[in-house]
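Whatever order the structure lists them in is the order used to number ligands and atoms, beginning at 1.
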Amino acid sequence: MSEKIGWRCPSNIALVKYWGKKEVQIPCNASLSMTLSNACTEVVLSLSDKKQEGLELEYYFEGAKNDSFGRRVGDYITAQQKHFPVIRDRALRIDSKNSFPHSTGIASSASAFGAIALALLSASGYAGDDFLNKASFLARLGSGSACRSMFGAYAMWGQLPHVAASSDEYATPVAQVHSNFADMRDAILIVDDTPKRVSSSAGHKLMDGHFYAESRFRQANLHCTDMLRVLQSGDYEEFVRIIEREALALHAMMMTSGNYYLLMKPGTVHALEEIMDFRRDTKIPVCFTLDAGPNVHVIYPAKDEEEVRSFLETRLNPIAKSILFDRIGIGPEKIMC
Ligand code: PMV
């Protein structure tokens, strides 16, 4: 007998960055992100009768069999089999699709592993009150930043001594958020859509023994503490300052690692300057952040949508190949299938 379970899981954009990890996907510092709405992965997990011993998995991405990502997912499921008892007597087929174009630098492994962990946990009959915590723990083991996608609005991941619920093993939602930050936008400027030259996992490794590692981890933990306070107080100026400092610190780490590298493109730098000038001239609290790539996330409050859109269209459109408009989201959803 065949049965299907579906989950949609959003991507997230880190405002305080996770960069550097220990075994097994334990972060070297705390991070904090905003959950997105439009950029998400949908996974349909089909269960059927098993024909042989061991894991039976077929993985399809956007309608086509994808053996290389399928192997990564298979290794993940095998490693976490005690959490996914469903694999003992059911064969799995995963059909995954993204709502955003391929290789745009949007963290697709975060939304993909988020949706996979949710679907496998549901299929394994897990329905405890801590379902999302457990899904966050399991998503983290697939892709670190995925653990933050389990919650709407803002989530933090990583243990901070004075934040009671914080953990290195899973993310937790940020409980107190000022109305200034309740409705935020993220316009993603695609400056370059060619595949990244250095993967995130290789980047994390370069933090081992990095000359600035300890200072960077301390800075990120401080930024996380500050950001929790700012999200509560509604201070736009400090919000902007932390986010931009974080983006530049992440890229500074790449540029100063033993095997240094550069992911920003001329268009990236141009966009950052335009955003800072626009903010200075208009006093609108718009800011940039970057992931491990050249594309620019432009973060701003929904109330400033009209002016920021017209700025994006006149001053940033010529630099970008395309702009994806996204917003703060509510977290994962089960889908009917
Ligand atoms: O989750 P990973 O291993 O793909 O690492 C993500 C790293 C950044 O996106 C650069 C930062 C973050 O906190 O999401």
Side-chain angles (χ1 to χ4, degrees), residues 9-36 39 41 69 72-73 76 98 100 103-117 136-151 154-160 166 168-172 174 186 188 195-208 210 213 216-217 219-221 223-224 227 242-255 257 261-264 268 288-297 299 326 329:
C9 184
S11 184
N12 68 77
I13 177 69
L15 307 180
V16 177
K17 310 289 180 182
Y18 148 60
W19 199 241
K21 64 177 165 183
K22 305 174 238 174
E23 291 295 315
V24 201
Q25 312 268 69
I26 293 295
C28 292
N29 61 261
S31 58
L32 192 151
S33 58
M34 181 172 97
T35 299
L36 298 179
T41 299
F69 198 65
R72 181 170 162 193
V73 174
Y76 162 73
N98 289 344
F100 45 90
S103 35
T104 47
I106 295 182
S108 62
S109 68
S111 52
F113 271 101
I116 290 167
S136 177
F137 165 83
L138 289 166
R140 178 201 110 232
L141 293 163
S143 164
S145 55
C147 72
R148 296 184 312 236
S149 280
M150 293 301 139
F151 306 99
Y154 301 91
M156 78 158 277
W157 168 40
Q159 229 241 304
L160 284 177
S166 63
D168 281 344
E169 308 229 338
Y170 50 84
T172 45
V174 175
D186 178 9
I188 308 159
K196 286 195 269 196
R197 258 183 294 171
V198 180
S199 70
S200 285
S201 3
H204 284 292
K205 273 210 189 77
L206 290 171
M207 287 307 286
D208 297 346
H210 192 297
R216 165 59 200 154
F217 302 147
Q219 179 193 42
N221 285 339
H223 278 163
C224 236
M227 187 54 106
I242 297 172
I243 294 178
E244 291 192 346
R245 209 190 285 124
E246 272 294 307
L248 296 175
L250 170 71
H251 283 254
M253 289 304 106
M254 299 168 187
M255 291 190 253
S257 51
Y261 62 110
L262 196 65
L263 294 181
M264 283 194 234
T268 314
F288 62 78
T289 188
L290 303 163
D291 256 341
N295 301 321
V296 181
H297 290 248
I299 313 281
D326 212 329

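Remark: ligand 1 and Trp19 share no N or O pair separated by less than 3.5 Å (distance only, no angle test).
Remark: Leu141 CG to Cys147 SG distance equals 9.5 Å, nearest 0.5 Å. Here the OG-CG distance, from Ser31 to Asn221, works out to 9.5 Å after rounding to the nearest 0.5 Å. The CD1 atom of Ile243 sits 4.5 Å away from the CG atom of Leu15 when rounded to the nearest 0.5 Å.
Taking every heavy atom of Asp291 and a limit of under 4.0 angstrom, the matching atoms of ligand 1 come to 8 (C), 9 (O), 10 (C). Close approach to His204 involves these atoms of ligand 1, each under 4.0 Å from a residue heavy atom: 2 (P), 3 (O), 5 (O). For ligand 1, the atoms closer than 4.0 angstrom to any heavy atom of Ser145 are 1 (O), 2 (P), 6 (C), 14 (O). The ligand atoms of ligand 1 that sit less than 4.0 angstrom from a heavy atom of Ser200 are 4 (O). For ligand 1, the atoms lying closer than 4.0 Å to a non-hydrogen atom of Ser143 are 1 (O). Listed by number with element, the atoms of ligand 1 under 4.0 Å from a non-hydrogen atom of Ala14 are 12 (C), 13 (O), 14 (O).
Between the side chain of Arg140 and the main chain of Ala171, no donor-acceptor pair closer than 3.5 Å is present. For the pair Ser149 (side chain) and Gly114 (backbone), a donor-acceptor distance under 3.5 Å is absent.
Between His204 and Trp19, the two ring planes are tilted [angle within 30° to 60°].
Of the candidates Arg148, Lys17, Lys21, the one placing a heavy atom closest to atom 14 (O) of ligand 1 is Arg148.
Heavy atoms of Ala110 come nearer than 4.0 angstrom to ligand 1 in no pair at all.
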Check against ring pair (Phe, Tyr, Trp, His ring centres under 6.0 Å), Tyr18 and Phe217: CA-CA 9 Å; Tyr18 148 60; Phe217 302 147; over 10 Å; no

